[in-house]
> 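Here it is: the structure, laid out below.
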Amino acid sequence: MLLYIHVPFCRRKCRYCAFYSEPAARDDTARLALWADALCGEMRREAEEAGHPAVSTVFFGGGTPSLLSPALMGRVIDTAASLFSLDADAEISMEANPESMNEEKARGFLAAGVNRVSLGVQALDDALLAVLGRVHDKKTAVDAFSALRRAGCGNVGLDLMWGLPGQSAENWKAQLAEVCALSPEHLSCYGLMLEEGTPLFRERGSLALPTEEEGARMYEEGGALLEAAGYAQYEISNYAKPGFACRHNTGYWTGEDYLGLGPSAVSCMGNERRSNTANLDRWLAAVQRRKRAAEVEKLGFTEKAEELVMLGLRTARGLDMEAYRALTGRDFARDNAAFMEELFRRSLAGMKDGRFFLTRRGMLVSSAVMERLFENIPETPEGAA
């Protein structure tokens, strides 16, 4: 099982971000401690209900987990280790923002048990960082990366964004070249999404966004640049040096059960998906009553089949045809023969070792591809009464 912990605090909300977070001042230690107390209570209840299962990865997301003190982070990790059967080589990841990371904190986080850090750089361009509403600048980002290295962190990923207002393919590739010179173990490269409710969404009519053709160049040429630098693409937005793919996120894409703790966190266990309330006060009140404040969705056959296809095609390995047959009783290649031939002809997809996968160019249009494929998913398994 995978364990996700949502830290719902940020210094300031970024202009593109639709994830749940609340503002936290530098000295707001009481509020952070209140969250940690409740989180450990929620963890205890969920662990007891699930029978204290084995956990292979722990991921602190947000928000900004690096706002926590190393002592508070250590307390949460120790609680997880006491309540679950935590693998001896468990991957323990945390997201961090450059402005809240220095060498002293980095050493503290590593001593607390963190062994992988995902640093939210987003851009190595001060003008673009200002457009995004980031608190840090380029120098702060590079300094934070260096601080992690000096502290001894040997598994650092950088999060970056492309397709930003005013950005060109040349600007994106120049940033990637700078990033490769730093030599992180992992890179997450996300295309900008204008999420409803965010400032950038409200300003979308006045934004000088790259054209579709320019965006395609960023994705394809940027991916080729990273590949030449030794980073293998293993998912639509993720690249890693050999042996450094994120085990936690890979678990999501391969359909492992995961437990989410904290406000707005999502769990998927068996045929049930739960989404915690995206409200800190309501979540705190529910935990204090030993209750859940969550929406529950039962996953039927169609939802499970669609997830198998969607998650498989997000990855470079692609969809396991035998896994599809085992779930649905259907032959995926036979049901989608004409469409698959079209995708092969346009170099948007391929087939290898019993897996149907999208090429890098195909990943650019993955949403449209999946829509077509969903049309041929049966309503019930083959042979069901």
> Let me check something: do Tyr258 and Leu261 share a hydrophobic cluster, defined by ILVMFWY side-chain heavy atoms less than 4.5 Å apart, either directly or through other members?
yes
> Between Arg45 and Glu48, is there a side-chain N and carboxylate O pair less than 4.0 Å apart?
no
> Are there more than 12 heavy atoms of other residues, nucleotides or ligands under 6.0 Å from atom CD of Glu303?
yes
> Check this for me, if you would: do Arg345 and Glu342 make a salt bridge, where the nitrogen-to-carboxylate-oxygen distance has to be below 4.0 angstrom?
no
> After noting the C-alpha distance and the side-chain angles of Asp87 and Ser56, does the key distance pass the side-chain hydrogen bond (donor to acceptor under 3.5 Å, both in side chains) rule?
CA-CA 5 Å; Asp87 289 0; Ser56 58; 4.7 Å; no
> Under 3.5 Å, is there a donor on one side chain and an acceptor on the other for Glu42 and Asn276?
yes
> So, the side chain of Ser93 versus the backbone of Val117: is there a donor-acceptor pair under 3.5 Å, distance only?
no
> Does Glu235 use its side chain to pair, donor to acceptor, with the backbone of Thr315 at less than 3.5 Å?
no
> With a cut-off of under 6.0 Å to the ring centre and 45° to the axis, is Arg355 in cation-pi contact with Phe357?
no
> Does atom CD of Glu212 have more than 12 heavy-atom neighbours, drawn from other residues, nucleotides or ligands, at distances under 6.0 Å?
no
> Below 4.0 angstrom, N of the basic side chain to O of the carboxylate: do Glu178 and Lys173 qualify?
no
> Could you tell me if Ser183 and Lys241 have a donor-acceptor pair between their side chains, going purely by distance under 3.5 Å?
yes
> Between Arg274 and Glu46, is the closest basic N to carboxylate O distance under 4.0 Å?
yes
> For the rings on Tyr219 and Trp162, is their centre-to-centre separation under 6.0 Å?
yes
> Should we say atom CZ of Phe19 is surrounded by more than 12 heavy atoms from elsewhere, each under 6.0 Å from it?
no
> Under a single-linkage definition using a 4.5 Å side-chain heavy-atom cutoff for Ile, Leu, Val, Met, Phe, Trp and Tyr, are Phe201 and Leu128 assigned to the same hydrophobic cluster?
yes
> Establish, from distance only, whether the side-chain atoms of Asp137 and Thr140 form a donor-acceptor pair under 3.5 Å.
yes
> Kindly say whether the aromatic ring centers of His6 and Phe59 come within a distance under 6.0 Å.
no
> So, are Asp125 and Lys138 salt-bridged, with charged N and O less than 4.0 Å apart?
no
> Does the Gln167 side chain pair with the main chain of Leu164, one donor and one acceptor, at a distance under 3.5 Å?
yes
> Identify whether the distance between the nearest side-chain nitrogen and carboxylate oxygen of Arg360 and Glu220 falls below 4.0 Å.
no
> Does one hydrophobic cluster hold both Trp172 and Tyr190, with members joined at side-chain heavy-atom distances below 4.5 Å?
no
> Can you hop from Leu83 to Met1 via hydrophobic side chains spaced under 4.5 Å?
yes
> Provide the closest heavy-atom pair for Val179 versus Leu160 in the form atom of the first, atom of the second, distance.
CG2-CD1, 3.8 Å
> Taking Glu272 for the side chain and Lys298 for the main chain, is one N or O donor matched with an acceptor at less than 3.5 Å?
no
> Please report the shortest heavy-atom distance between Ala141 and Leu119, naming the atom on each side.
O-CD2, 4.0 Å
> Quick one about Asn336 and Asn376 (side-chain donor to acceptor, distance below 3.5 Å, no hydrogens or angles considered), yes or no?
yes
> Could you please spell out the steps behind the salt bridge (charged side-chain N to carboxylate O under 4.0 Å, His left out) verdict for Arg330 and Asp335?
CA-CA 8 Å; Arg330 302 284 302 181; Asp335 289 348; 2.8 Å; yes
> Hey, are Glu203 and Arg15 close enough for a salt bridge, meaning a charged N less than 4.0 Å from a carboxylate O?
yes
> Nearest heavy-atom pair of Pro70 and Gly108: which atoms, and what distance?
CB-C, 3.4 Å
> Examine Phe332 together with Tyr324 and report whether their ring centres are nearer than 6.0 Å.
yes
> Between Thr359 (side chain only) and Ser347 (backbone N and O only), is there a donor and an acceptor less than 3.5 Å apart?
yes
> Does the Asn115 side chain pair with the main chain of Ala90, one donor and one acceptor, at a distance under 3.5 Å?
yes
> What are the two closest heavy atoms between Thr64 and Asn97, and how far apart are they?
OG1-ND2, 3.4 Å
> Compare every heavy atom of Tyr231 with every heavy atom of Cys180, then report the nearest pair and how far apart it is.
SG-CE1, 4.0 Å
> Does this structure show an ion pair linking Glu99 with Arg11, if we count only N-O contacts that are shorter than 4.0 Å?
no
> Tell me if a side-chain donor or acceptor on Tyr252 pairs with a main-chain N or O of Leu311 at a distance below 3.5 Å.
no
> Going only through I, L, V, M, F, W and Y residues with side-chain contacts under 4.5 Å, is there a path from Phe374 to Leu343?
yes
> Salt-bridged, Arg116 to Glu185, with N to O below 4.0 Å?
no
> Consider salt bridge (Lys or Arg N to Asp or Glu O under 4.0 Å). Of Arg75, Arg31, Arg44, which one does Asp37 pass it with?
Arg75
> Do Arg134 and Tyr16 pass the side-chain hydrogen bond (donor to acceptor under 3.5 Å, both in side chains) test, and can you show the C-alpha distance, the side-chain angles, and the key distance before you say yes or no?
CA-CA 10 Å; Arg134 299 293 286 177; Tyr16 60 87; 3.1 Å; yes
> Do other residues, nucleotides or ligands put more than 12 heavy atoms under 6.0 Å from Lys304 NZ?
yes
> With a 3.5 Å cut-off and no angle check, do the side chains of Lys105 and Ser100 form a donor-acceptor pair?
no
